[in-house]
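As the structure is a prediction and not an experimental result, all values here were calculated from the model.
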Amino acid sequence: MITTDALAVLFSLVNSSKREWKPLEDHSCTDVPWLLLFILFCIGMGFICGFSIATGAAARLLSGYDSYGNICGQKNVKVEGIVNSGLDLTQKKYVFFLDPCNIDLVHQKIKSIALCVSACPRKELKSLADIQKFAETNGSTLCSYELQPSEYTTDPRAAKLCPKYPVPESAPIPFFHRCAPVNISCYAKFAEALITFVSDSSVLHRLISGVMTSKEIIMGLCLLSLVLSMILMVIIRYISRVLVWILTILVILGSLGGTGVLWWLYAKQRISAGAHETQIAKDNLQALLIYAIAATVFTVIMLLIVLIMRKRVALTIALFHVAGKVFIHLPLLVFQPFWTFFVLIVFWTYWITVLLFLGTTGSPVPNEEGFVEFRMAGPLKYMWWYHVVGLIWISEFILACQQMTVAGAVVTYYFTREKRNLPFTPILASVNRLVCYHLGTVAKGSFIITLVKIPRMILMYIHTQLKGKENACARCMLKACICCLWCLEKCLTYLNQNAYTATAINSTNFCTSAKDAFVILVENALRVAAINTVGDFMLFLGKVLIVCSTGLAGIMLLNYQRDYTIWVLPLIIVCLFAFLVAHCFLSIYEMVVDVLFLCFAIDTKYNDGSPGREFYMDKVLMEFVENSRKSMKEAGRGGGAEGRELKPMGDQTPGLA
């Protein structure tokens with residue numbers, strides 16, 4: 001139980017941290033040392049890339065190399081102690097594996113001798129005679145270098161030095177000069193080994209064939225989810241006042257309708273099932289039953305949640321309405337997910353490329369089998385740790401830049417009394433302020449998230465490696481630590497976002513902004529809880545609506561292929577993609593609502609509507625403040641809890657307003 005002394009200490013902390021908020025009045029550079037540190041870190045990332053290219057890793061990755069250390073398509077230097085090294089392979093530009101389907105799951109590589117050849121076999125070769133004929137016809141020797149084509153059928157060493165036959169039809173991978181089998185059935189076996197829950201290999205083959213057969217439908221449904229997400233964003237702009245109730249009604253109807261359709265399809269197929277039903281049709285019938293039961297449970301839970309939360313939507317509706325106006329004045333906000341996703345894809349492509357470079361960086365070293373491996377020695381072998389940290393930090397930095405950009409644009413909108421005086425493009429103005437003043441703050445905030453994310457990922461890796469080996473107590477402790485770090489990461493992410501908003505308002509450094517934002521949030525803890533439950537739930541309903549709509553369309557389309565296609569996996573892929581797309585778009589809306597709430601809290605705390613202290617807020621929020629005061633007075637006379645929930649924020653901290 002909280003004591004009076006504890007409340008006094010907390011109240012003194014709030015009073016001692018009073019700050020005169022001056023929205024958008026001046027701008028100054030924040031957290032410059034952290035910007036310099038981030039720049040130095042990025043220079044280190046560039047050094048890793050340059051080092052890997054300078055040591056020949058780029059050539060080995062793009063051109064490929066054989067098991068003796070020779071790079072295909074060029075002259076090579078002799079490796080001491082390795083036969084068949086130092087060859088002139090100018091005419092042999094492709095890497096060919098003698099046994100491409102022999103995959104080492106432990107070391108995650110193809111466990112086969114690799115050779116440089118002048119051409120990949122474009123048809124299946126079923127015997128050594130076919131391999132010899134291919135070499136004589138195309139000039140491409142598929143056996144080891146010490147064997148001549150005339151010796152393929154006579155030399156006893158050919159059993160080990162020639163490819164395992166039948167040699168599958170192969171084609172070169174674009175840009176990487178590796179011969180890869182055209183039929184990927186051997187890689188399907190690799191997938192079977194990874195997916196341990198599939199006990200029957202034929203199940204996985206049917207699932208993969210279902211995906212390949214339905215690929216056009218999958219692509220069309222993914223495009224549909226993208227269109228639905230953008231339509232929902234447009235609708236939010238114009239019907240935000242009734243959006244909450246519309247989404248609630250649509251989700252209820254969608255859940256009931258989807259559940260009814262699933263049970264109808266199950267009953268229809270159950271009745272029409274014959275004695276000679278195919279295995280695929282039986283699998284689809286079983287999947288329909290599972291989907292119908294899961295949809296029923298989901299619908300019941302959804303109805304209960306809607307029933308419980310129906311009364312706590314007043315401020316959420318007001319904020320959603322203002323957020324709709326924000327999108328009308330700042331239409332470029334809708335495209336923020338595209339720019340962020342594009343930048344992330346570019347960075348991840350660069351990161352994966354450098355990671356592949358690092359995999360082929362180093363000096364040639366003979367292994368226990370007499371072949372060559374490239375390994376780094378000394379401190380350089382730990383460069384990939386630095387590279388992994390860079391992946392997390394820079395990715396979080398890019399996401400934080402999006403948050404700061406959105407916060408800056410919304411703050412500009414909120415604290416501009418005359419909306420016609422808004423900058424021509426508030427988004428670009430916010431980006432300009434970010435680049436000129438606040439990159440250091442973003443770097444610091446993203447680094448804090450990185451510090452929490454790395455230990456959690458390490459614990460998850462340890463948990464995965466020790467799965468089945470650790471005792472119950474150790475497993476419980478690991479899961480508890482992972483859960484605590486995940487919760488801490490989510491809390492820090494939320495605090496960071498509000499700190500960026502405070503920085504956009506006052507141009508203060510990260511720690512000061514985080515403290516100021518934390519004080520505001522603590523003062524309005526109950527209302528924060530209401531916004532984060534009701535508001536997030538409403539946006540979650542929007543995501544559910546898009547997923548349900550896409551999934552229902554997928555069920556109707558895939559139902560026509562039920563006799564020859566298993567559509568369990570295609571439907572899962574479509575629903576996951578639909579949720580991801582909906583999350584990317586609606587997360588922007590969630591950011592706007594959170595920024596508006598903090599601006600609203602600051603506005604009601606330091607202004608009361610009197611001359612000289614006029615509100616910045618929209619008329620809709622002013623109406624909410626007046627209505628909440630009336631409700632508070634009525635509930636106060638009746639002693640109800642509803643009035644306490646609607647208490648205006650300006651009245652929670654007397655003496656500061």
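- Here the side chain of Ser225 pairs a donor or acceptor atom with the backbone of Cys222 at under 3.5 angstrom.
- Shortest non-hydrogen contact noted between Lys444 and Phe510 is CD-CB, 3.9 Å.
- In plain terms, the two heavy atoms of Cys584 and Pro337 that are nearest each other are O-CG, 3.4 Å.
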Item to check | Trace of the side-chain contact (heavy atoms from CB on, under 4.5 Å) decision for Cys179 with Val95 | outcome: CA-CA 6 Å; Cys179 296; Val95 179; over 6 Å; no

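- The side-chain heavy atoms of Leu391 and Phe347, taken from C-beta on, include a pair separated by under 4.5 Å.
- For the residue pair Thr441 and Thr30, a side-chain donor N or O sits within less than 3.5 Å of a side-chain acceptor on the partner.
- Judged by distance alone, the side chain of Gln132 and the main-chain N or O of Pro149 form a donor-acceptor pair under 3.5 Å.
- Salt-bridge check for Glu169 with Arg122: failed, with every basic side-chain N at 4.0 Å or more from each acidic carboxylate O.
- Counting non-hydrogen atoms of other residues, nucleotides and ligands closer than 6.0 Å to NE2 of His177 gives a total above 12.
- By the 30° and 60° cut-offs, the orientation of the rings of Trp393 relative to Phe41 is tilted.
- Among all heavy-atom pairs drawn from Ser395 and Trp348, the shortest one is OG-NE1, 3.1 Å.
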Next on the checklist: As a quick check of understanding, evaluate side-chain contact (heavy atoms from CB on, under 4.5 Å) for Cys401 and Trp339, giving each step before the final call.
Outcome noted: CA-CA 11 Å; Cys401 285; Trp339 314 134; over 6 Å; no

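- Nearest heavy atoms, Tyr68 versus Ser85: O-CB, 3.4 Å.
- In this structure, the side chain of Asn70 engages the main chain of Asn84 through a donor-acceptor pair within 3.5 Å.
- In this structure, the separation between CG on Leu488 and CD1 on Ile449 is 8.0 Å, given to the nearest 0.5 Å.
- Put simply, CZ on Arg157 and SG on Cys143 are 10.5 Å apart, with the number rounded to the nearest 0.5 Å.
- The SG atoms of Cys436 and Cys29 do not lie less than 2.5 Å from each other.
- Residues Leu333 and Gln336 meet the side-chain proximity criterion, which asks for heavy atoms closer than 4.5 Å.
- Two residues are said to be in side-chain contact when any heavy atoms from C-beta on lie closer than 4.5 Å; Val354 and Phe51 fail this criterion.
- For Ser118 (side chain) and Lys92 (main-chain N/O), no donor-acceptor pair under 3.5 Å exists by modelled atom type.
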Checklist entry - Can you list the steps and then say if Gln74 with Ile71 is a side-chain contact (heavy atoms from CB on, under 4.5 Å)? => result CA-CA 6 Å; Gln74 68 179 51; Ile71 299 176; 3.7 Å; yes

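- For the pair Val117 and Ser140, the tightest heavy-atom approach, listed with the atom from each and the gap, is CB-OG, 3.5 Å.
- To the nearest 0.5 Å, atom CG of residue Leu223 and atom CE of residue Met219 are 8.5 Å apart.
- You'll find the side chain of Trp385 stays beyond 4.5 Å of the side chain of Val389, heavy atoms only.
- Contact annotation: the side chain of Ile131 approaches that of Pro163 to within less than 4.5 Å [non-hydrogen atoms, C-beta and beyond].
- Summarising the local packing, CZ of Phe341 is surrounded by 12 or fewer heavy atoms from other residues, nucleotides or ligands at distances under 6.0 Å.
- At least one side-chain heavy atom of His387 sits under 4.5 Å from a side-chain heavy atom of Leu355.
- For the atom pair CD1 of Ile48 and CD1 of Ile43, the computed distance is 13.0 Å after rounding to the nearest 0.5 Å.
- Interatomic distance, Leu98 CG to Leu115 CG, rounded to the nearest 0.5 Å: 5.0 Å.
- Ser170 contributes a side-chain N or O that, together with a main-chain N or O of Pro168, makes up a donor-acceptor pair within less than 3.5 Å.
- Donor-acceptor pairing under 3.5 Å is recorded for the side chains of Tyr145 and Asp66.
- Summarising the local packing, NZ of Lys78 is surrounded by more than 12 heavy atoms from other residues, nucleotides or ligands at distances under 6.0 Å.
- Looking only at atom types and distance, the side chain of Gln402 has a donor-acceptor partner in the side chain of Thr340 under 3.5 Å away.
- Aromatic ring centroids of Phe338 and Phe585 lie under 6.0 Å apart.
- Put simply, CG on Leu451 and CG on Leu492 are 10.0 Å apart, with the number rounded to the nearest 0.5 Å.
- When side chains are defined from C-beta on, Val581 does not count as touching Ile546, because their heavy atoms never get closer than 4.5 Å.
- A donor-acceptor pair is defined here as one N or O able to donate and one able to accept, closer than 3.5 Å; no such pair exists between the side chain of Asp155 and the backbone of Glu151.
- No side-chain donor from either of Ser150 and Gln148 sits under 3.5 Å from a side-chain acceptor of the other.
- More than 12 non-hydrogen atoms from other residues, nucleotides or ligands lie less than 6.0 angstrom from OH of Tyr350.
- Side chain of Asp31 to main chain of Pro33: no donor-acceptor pair is present (N/O by atom type, distance under 3.5 Å, no hydrogens or angles).
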Checklist entry - Met45 and Ile394: side-chain contact (heavy atoms from CB on, under 4.5 Å), yes or no, with the steps? => result CA-CA 10 Å; Met45 293 283 289; Ile394 297 178; 4.2 Å; yes

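- Looking at Gln403 and Asn496, their side chains never bring a donor and an acceptor atom within 3.5 Å of each other.
- Across Tyr94 and Cys72, no two heavy atoms sit closer than the pair O-SG, 4.1 Å.
- Looking at Thr141 and Tyr152, their side chains come closer than 4.5 Å, going by heavy atoms from C-beta outward.
- Within a 6.0 Å sphere centred on CD of Glu146, heavy atoms belonging to other residues, nucleotides or ligands number more than 12.
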